[in-house]
Amino acid sequence: MIQLNGISKVYRTGDVAIHALHSLDLEIGSGEHVAIIGPSGSGKSTLMNIIGCLDVPTSGKYSLDGLVVSSLSDSALARIRNRRIGFVFQSFNLLPRLTALEQVEVPLVYRGVRNRKKVARQALADVGLGKRAHHRPTQLSGGEQQRVAIARAIVGRPSLILADEPTGALDTATSGEIMVIFETLNRDLGITVVFVTHDMEVAHHTRRIVKLRDGQIVSDTKNSPAVGRPAPSAPAVPAVGSPP
Amino acid sequence: MNIFDTIPIAIRALAANKMRSMLTMLGIVIGVGAVIALMAAGQGAQKGITDQIRGLGSNLLFIRPGKPEDNPTNSPVGGTVLTLVLADAEAINNPDRYPYIESVASQVFFDATLTAGGESLTASSVTGVTPDYQYTRNHYVESGRFINEDDITRKGLVAVVGANVAEQLFGDVDPIGRTVRLTVGAFRVYFSFSFLVVGVMERKGATATGDEDDLMLIPLPTMQARIPYIRNPKGQSNVHQITIKVTDPDKFGQAKEELSALLRERHGVAKDDFTIRSQEDLVSTVNAVSQTLTVLLGSIAGISLIVGGIGIMNIMLVSVTERTREIGIRKALGARRVDILWQFIVEALVVTMLGGLIGVGGGVLAAKLANGQHLFGRDLYTAVTPFSIIVAFTVSAAIGLFFGIYPAFRASRLNPIEALRHE
Ligand SMILES: Nc1ncnc2c1ncn2[C@@H]1O[C@H](COP(=O)(O)OP(=O)(O)OP(=O)(O)O)[C@@H](O)[C@H]1O
Ligand SMILES: [Mg+2]
């Protein structure tokens with residue numbers, strides 16, 4: 001599903017050129033659950049942004065579902081972000097002032113969907129936040145905000161979820177809950193999940209771990225996930241129903 | 001994305017900064033209100049003037065001496081050349097030949113000093129008239145009698161005074177039966193005569209050709225008999241204006257043509273040495289002038305709208321900067337450039353159109369309140385036309401669009417990654 005060939009990303013600040021990614025090759029199949037790890041500054045976020053069609057590589061070829069992304073127009077990229085990809089950020093990136101339900105509706109607004117409320121409500125219920133629909137970000141805990149962000153990412157039924165350090169701003173218990181949601185999405189709905197983490201414990205919940213250093217992949221290992229070992233205080237797995 | 005989905009987003013964003021949004025809107029409110037109110041004043045003035053001209057009667061033709069080019073319509077007295085004579089008027093007054101002519105009245109205008117009792121009026125307008133004047137000009141005596149045929153044949157020293165003249169010279173005293181001394185002079189030669197007041201004209205109010213209530217009317221032959229310089233070298237009597245009442249304004253064209261031919265023949269000239277104009281010609285000239293005034297007033301007020309528009313642009317730019325992160329998030333969630341572009345344009349439009357609506361309301365209210373008020377010694381009339389409302393509203397929306405586009409364009413071009421990194 002994701003195919004990266006010789007991807008490089010160079011940032012130029014003044015005279016200095018920073019090579020965030022060095023002709024990187026990576027292939028991720030449909031339905032995979034992949035953790036990307038690596039030291040700070042190794043290019044993880046840069047890679048995620050390119051996969052998420054938020055940024056374009058300086059050189060190299062990226063194709064998503066057979067579509068060569070590097071050759072697409074701005075509005076075609078927006079369409080891909082809207083329909084095929086759900087992005088979850090470390091800092092949640094919820095819109096100020098909107099209620100949880102309205103946050104979840106946003107991707108549907110840009111998709112031109114008419115009856116959004118019902119679908120958005122379902123997505124919120126799927127992440128266990130059915131009762132918080134009318135709360136604003138400032139009225140929610142960090143974990144709840146991240147769950148709203150996940151509901152927003154899955155509401156459009158994307159085939160790929162990208163999460164850049166989704167648990168980076170959360171405590172261990174809450175992180176566990178979030179990771180369980182991702183696992184469920186991957187296992188029950190077959191959504192491809194790629195996420196970045198610093199936490200090896202979290203990484204071991206996945207079947208594949210890709211390690212970056214200085215913009216290059218230094219290891220790509222298969223892993224037998226630590227199933228049946230949910231994070232200590234994780235609640236019962238929220239029912240992730242099939243989105244309508 | 002549906003364009004209507006941007007409206008609630010815009011309203012929410014504006015509501016988040018109520019004070020700021022209101023102040024921005026105020027600029028537009030004031031601009032639109034000023035445009036409406038000032039255009040109403042201009043159009044009120046125009047309507048007042050044209051109503052007054054039409055009040056004379058809509059079927060009048062005026063013949064004045066001098067070529068059309070030398071004869072500006074807004075001048076109360078005809079051209080400087082005296083080419084029209086009383087005999088011309090008599091030739092025109094031929095209903096057998098020109099069946100569409102209802103009546104013909106000749107006028108001579110000059111200024112004189114009028115004195116009565118202790119009161120004196122300098123540079124008053126005196127008009128030499130014939131008995132046809134009343135009917136032709138649609139202006140009648142209020143009390144006493146008008147100048148009659150007898151006065152004309154006798155060249156009598158009788159006068160009919162306008163309402164203002166009566167008031168200024170005689171105050172509360174009834175002027176009828178009293179005398180007015182008329183002094184007229186040029187080149188150190190002064191003529192002075194006493195006129196017996198026989199009538200007072202009804203009040204007519206100011207008109208485009210001067211205030212008819214400020215006139216004193218005397219028999220035209222009296223004037224020509226007494227004041228030598230009005231006579232021309234050939235001994236004929238010059239007139240400054242021949243007013244013709246036509247049965248039907250539809251006959252104006254025919255009348256102009258036939259009367260021009262007659263006068264050219266009488267004057268023995270190939271090109272007109274006189275000007276024939278109708279009431280409507282006068283109205284349209286005055287309209288052209290006052291429309292210019294209205295446009296001018298509107299444009300002055302329009303400047304404040306532009307200032308309001310700059311305010312909009314300023315606030316929108318601040319808003320785009322403040323909401324950079326929001327823009328990044330929206331783009332990450334699938335907003336296209338056009339979606340962001342529209343979101344900010346709609347926001348600017350909501351401010352300007354809402355401001356425009358309030359401004360229209362305020363402007364109409366101001367115009368209504370000002371209507372009929374006495375200001376600077378004049379009655380102020382205002383006329384709000386649907387046209388000015390449409391113009392003001394459309395211009396405010398156009399300003400929203402114009403000044404909103406650049407900030408919206410900036411917002412739409414933001415790179416999603418950089419926007420997301422923005423603090
Ligand atoms: N906009 C930019 N301009 C210049 N350099 C940049 C920019 N963005 C990233 N970089 C550089 O690119 C490199 C990779 O950055 P990236 O954010 O991908 O790292 P990361 O692996 O996500 O790190 P972390 O774990 O700290 O989030 C770093 O050296 C960083 O300084
Ligand atoms: Mg990072």
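Just the heavy atoms: all of them, side chains too, but no hydrogens, waters or symmetry mates, feed the values below. By convention in this document, chain letters (A, B, ...) are assigned in the order of the sequence lines, proteins followed by strands, and residues within each chain are numbered from 1.
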Shortest non-hydrogen contact from Ala335(B) to Ala78(A)?
O-CB, 3.7 Å
With only heavy atoms counted, which part of Arg83(A) is less than 4.5 Å from chain B, the side chain, the backbone, both or neither?
neither
Region of Leu94(A) that comes under 4.5 Å of a non-hydrogen atom in chain B:
backbone
Indicate the atoms forming the closest heavy-atom contact of Arg97(A) with Ala16(B), along with that distance.
CD-CB, 3.3 Å
A side-chain contact here means heavy atoms from C-beta on lying under 4.5 Å apart; do Asp5(B) and Glu105(A) qualify?
no
With rounding to the nearest 0.5 angstrom, report the NZ to CG distance, Lys331(B) to Leu77(A).
10.5 Å
Leu54(A) and Pro416(B) have their tightest heavy-atom pair at O-CG, 3.6 Å
Could you tell me whether Phe387(B) atom CZ has more than 12 heavy atoms of other residues or ligands within 6.0 Å of it?
no
Over all heavy atoms of both residues, which pair between Asn82(A) and Leu333(B) is shortest? Give the atoms and the distance, please.
ND2-O, 2.9 Å
Quick check on Asp65(A): does its CG atom have over 12 non-hydrogen neighbours (other residues, nucleotides or ligands) under 6.0 Å away?
yes
Using distance alone, with no hydrogens and no angle criterion, decide if Arg421(B) and Ser45(A) have a side-chain donor and acceptor under 3.5 Å apart.
no
Interatomic distance, CG@Asp55(A) vs CD1@Ile417(B), rounded to 0.5 Å, equals 5.0 Å
Start with the C-alpha distance between Arg152(A) and Ile329(B), add both sets of side-chain angles, then the distance that settles side chain to side chain contact (heavy atoms under 4.5 Å, CB included), and finish with yes or no.
CA-CA 11 Å; Arg152(A) 186 177 67 181; Ile329(B) 297 171; 3.7 Å; yes
Chain B interface, residue from Arg81(A), Arg79(A), Glu102(A) that has the most non-hydrogen pairs under 4.5 Å
Arg81(A)
Any idea which of Gly156(A), Ser75(A), Ala76(A) has the most non-hydrogen atom pairs under 4.5 angstrom with chain B?
Ser75(A)
Atom CZ of Arg12(B) with >12 non-hydrogen neighbours under 6.0 angstrom
yes
Would the number of heavy atoms belonging to other residues, nucleotides or ligands and lying under 6.0 Å from CZ of Arg413(B) be above 12?
no
If I measure from the heavy atoms of chain B, does Asn93(A) come under 4.5 Å with its side chain, its backbone, both, or neither?
both
Against chain A, label Arg330(B) side chain, backbone, both or neither, depending on which of its atoms sit under 4.5 Å from a heavy atom there.
both
Side chain / backbone / both / neither for Arg111(A) at chain B, heavy atoms under 4.5 Å
neither
Region of Val106(A) that comes under 4.5 Å of a non-hydrogen atom in chain B
side chain
Where on Arg84(A) is there a heavy atom nearer than 4.5 Å to chain B: the side chain, the backbone, both, or neither?
neither
